[in-house]
Amino acid sequence: MKNGTGIFITGIILILISTPLAYALVNILYQNQNLAGEYVPILNGFIHSLMLVGSLISVIGGVVYIRDRGK
C-alpha cells in the first residue's frame with residue numbers, strides 16, 4: 001500500500017469514528033465537572049472538529065496519492 005493510500009484511509013477512519021471518539025474525549029476532559037446545559041454543544045464541537053481533521057487528512061492523502069501516481 002502506498003503512503004498516500006494509507007493517509008487517505010486513516011482520514012476516512014477518523015471521520016467514521018469521530019462520534020464515539022468525541023464522547024470519550026468529552027468524558028475524559030470534563031470528568032469532574034457538571035455539564036448540565038453545555039454537554040451537547042461541547043460534544044458537537046468535538047465531533048465537528050474531529051470530522052474536519054479527518055477530512056483534511058483524507059484530502060492530503062488523496063493529493064499525495066494522485067501526485068505519486070503521476071510519477
Side-chain angles (χ1 to χ4, degrees):
M1 181 164 43
K2 293 184 180 179
N3 191 18
T5 308
I7 296 171
F8 180 77
I9 291 173
T10 303
I12 296 298
I13 290 172
L14 183 61
I15 291 171
L16 291 176
I17 65 167
S18 64
T19 302
L21 188 60
Y23 275 110
L25 286 173
V26 168
N27 289 333
I28 290 170
L29 292 176
Y30 297 103
Q31 187 173 11
N32 295 326
Q33 295 181 7
N34 185 10
L35 298 175
E38 295 88 17
Y39 185 76
V40 174
I42 290 173
L43 181 63
N44 282 336
F46 273 89
I47 292 172
H48 290 133
S49 66
L50 288 171
M51 289 177 71
L52 180 64
V53 168
S55 62
L56 290 173
I57 290 173
S58 63
V59 166
I60 291 170
V63 168
V64 169
Y65 176 74
I66 290 171
R67 187 192 63 194
D68 290 344
R69 189 178 65 175
K71 288 182 181 178

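These numbers were taken from a predicted model, which means no experiment stands behind them.
- By the side chain to side chain contact (heavy atoms under 4.5 Å, CB included) test, T10 pairs with no residue at all, sequence neighbours left out.
- By the criterion of side-chain heavy atoms lying less than 4.5 angstrom apart, applied directly or through intervening Ile, Leu, Val, Met, Phe, Trp or Tyr residues, F8 is not grouped with V59; the two fall into different hydrophobic clusters.
- To the nearest 0.5 angstrom, S58 atom OG is 11.0 Å from I9 atom CD1.
- Rounded to the nearest 0.5 angstrom, I17 CD1 and M51 CE are separated by 12.5 Å.
- In this structure, I12 CD1 and I7 CD1 are separated by 13.0 Å, a value rounded to the nearest 0.5 Å.
- Here L14 pairs with L21, V53, I57 under the side chain to side chain contact (heavy atoms under 4.5 Å, CB included) rule; sequence neighbours left out.
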* To do: Give the intermediate values and the outcome of side chain to side chain contact (heavy atoms under 4.5 Å, CB included) for residues N27 and Y39.
  => CA-CA 10 Å; N27 289 333; Y39 185 76; 3.8 Å; yes

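- Scanning for side chain to side chain contact (heavy atoms under 4.5 Å, CB included) contacts around Y30 gives V26, Q33, L35, I42, F46, with sequence neighbours left out.
- The cluster map of Ile, Leu, Val, Met, Phe, Trp and Tyr, joined by side-chain heavy atoms under 4.5 Å apart, puts L50 and I47 in the same cluster.
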